[in-house]
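Below: one structure, written as structure tokens.
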There are 2 protein chains.
Amino acid sequence: MSSVLDALAALEKRAGVSLPDIEVIERAIEPVELRPGEFAFRQGEPHPYVHIVHTGLLKQYFTDQDGSEWIKSFSAEQVPFACLEALSGLPALFTSEAIEASVTERVPFRQILALADRHAQWQKALGTAYALLARIKVRRERDLLMLTAEQLHARFVVESPALAERIPQKDLAGFIGVTPVGLNRIVKRYREKH
Amino acid sequence: MSSVLDALAALEKRAGVSLPDIEVIERAIEPVELRPGEFAFRQGEPHPYVHIVHTGLLKQYFTDQDGSEWIKSFSAEQVPFACLEALSGLPALFTSEAIEASVTERVPFRQILALADRHAQWQKALGTAYALLARIKVRRERDLLMLTAEQLHARFVVESPALAERIPQKDLAGFIGVTPVGLNRIVKRYREKH
DNA sequence: CTTCGTCATTAACCCCGGTTAATCAGGAGA
DNA sequence: TCTCCTGATTAACCGGGGTTAATGACGAAG
């Protein structure tokens, strides 16, 4: 069973619809193999594909003028990712890079748009996916606004202990919004209390 | 012309559709008058309405255990706001409060859902609105991650000078992620450089 | 085995912003 | 007019995190 089909099944359930012509998507799936450090897409480039991680781990990050990475999200098995701007031909706002050796399944976005234009069920599922993304991002906004770096770190290791093991400390730092040196101090304090 | 109808016209254009039965929405519009300090909805309460500001200015903010406000967004004339969780009967993640005496036009979300179930055009327009929200929130996430409080303030006064005039300094502080005392120091430095 | 590169760790120094508290300005209401 | 309340401003103190740099750990490549 492919990760894309798993994800579509979950989306059907969430949106309360049954999706027709799923085989169209199934045939369009392109597996992509990435070694650590390779990119699914890069900031500034258009990239009209939706990815779902089959195996491995990737990070999505913004790069600033100094070349520093500020991490938007991690994607491990079953987690989808894409840049909405890049889907519609605009330059991607961020880069997607493999942390571990990974395989993602990507689907050309135009295939999804074509189904959405033809079937109300697909249109509704697409809208549901957008709404879910917006909800996740509002929560992230809240966390970044309200929580200190120390609180963000503590929450991450408590809520995602398995992921925290797989992510290099410097990347976790970029996700929390501090430098690697800064996070190391936080981790040290955290260890002393546990 | 109502603000809701203006917003729907803009959404039609963005989504590339023509929306049928708009008069259903028009009839469902409920104007809401708010004096400064009054709420459109409150954190923790369900609130199944989409609002659009007709006149005035509101803030949407998260409240933490200490009672501190962390501001998610401001909404002035023509700007829509709602909490996605609250639309579907869950507790709202944040509060919406009037800064100035305001009038908003609100539409029961079930009316929009009903139209979306009946017409593909409405389904598409709804999805487009969700996608727009997600894009705005990703940009906000990027700003909060990458920019210092000083940079956030400078961008706000340059990009939204009219809004910056109308917003009390303490609220701008909550939006940028610092305390009122902290922002005041930033503003002082900013004035000395200009 | 040796070298190289990346990441983790720690120290030293500094600055920004949090915290508390005092003062001031201005509008609302008695 | 006097009082009260809210918001803006400033000072003093302090702590967290940025910055730089040095050291260590470890796996990959030679």
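Small disclaimer: the values here were computed from a predicted structure and weren't measured. Note on naming: letters A, B, ... go to the chains in the order of the sequence lines (proteins, then strands), and numbering restarts at 1 for each one.
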Closest nucleotide among D/dA21, D/dG7, C/dA8 to the B/Lys170 side chain: D/dG7

Electrostatic pair B/Glu38:B/Arg35 at N-O distance under 4.0 angstrom: yes

Interatomic distance, A/Ile176 CD1 vs D/dG17 P [rounded to whole Å]: 10 Å

Nearest listed nucleotide, side chain of A/Gln169, among C/dA8, C/dA11, D/dG17: C/dA8

Atom-to-atom span, CG of A/Leu145 to P of C/dG18 - whole angstrom: 12 Å

Of the listed nucleotides D/dG18, C/dT9, C/dT20, the one nearest the side chain of A/Arg191: C/dT9

Nearest-angstrom distance from the residue atom CD1 of A/Ile99 to P of C/dT6: 16 Å

Salt-bridge criterion met for A/Arg139 and B/Glu85 (N-O under 4.0 Å): yes

Donor-acceptor under 3.5 Å (B/Glu105 side chain, B/Val4 main chain): yes

Sugar-phosphate only, base, or nothing, as touched by B/Val187 at under 4.0 Å among non-hydrogen atoms: nothing

Axis bend over the full length of the helix from C/dC1-D/dG30 to C/dA30-D/dT1, computed from five pairs that close each end, to 10 degrees: 30°

Taking every non-hydrogen atom, the tightest pair across A/Pro180 and A/Lys170: CG-CB, 4.0 Å

Distance under 6.0 Å and angle within 45° of ring axis: B/Arg140 vs B/Phe175: yes

Phosphate contact (D/dG17 OP1 or OP2) by A/Thr179 side-chain N/O below 4.0 Å: no

Nucleotide D/dT10, atom C1' - distance to CD of B/Glu192 in whole Å: 12 Å

Side-chain N or O of A/Arg189 closer than 4.0 Å to phosphate OP1/OP2 of D/dG17: yes

Geometric cation-pi criterion, A/Lys72 with A/Phe94: 6.0 Å, 45°: yes

Criterion side-chain contact (heavy atoms from CB on, under 4.5 Å) against A/Thr104, the qualifying member of A/His54, A/Glu33, A/His51: A/His51

Closest listed nucleotide, where the reference is the side chain of A/Lys188 and the choices are D/dG17, D/dA8, C/dT10: C/dT10

Sugar-phosphate only, base, or nothing, as touched by B/Leu183 at under 4.0 Å among non-hydrogen atoms: nothing

Interatomic distance where CE belongs to B/Met146 and C1' belongs to D/dG18 [whole Å]: 16 Å

Chi angles and distances behind the salt bridge (Lys or Arg N to Asp or Glu O under 4.0 Å) call for B/Lys59, B/Glu69: CA-CA 10 Å; B/Lys59 58 180 172 181; B/Glu69 299 178 4; 3.2 Å; yes

Interatomic distance where CD belongs to B/Glu69 and C1' belongs to D/dT6 [whole Å]: 13 Å

Atom-pair distance (CD on A/Glu150; P on C/dG18), nearest Å: 16 Å

Presence of A/Asn184 side-chain N/O under 4.0 Å of C/dA8 phosphate oxygens OP1/OP2: no

Candidate nucleotides C/dT10, C/dA8, C/dA12, ranked by approach to the side chain of A/Arg185 - the nearest: C/dA12

Nearest-angstrom distance from the residue atom CD1 of A/Ile186 to C1' of C/dT10: 15 Å

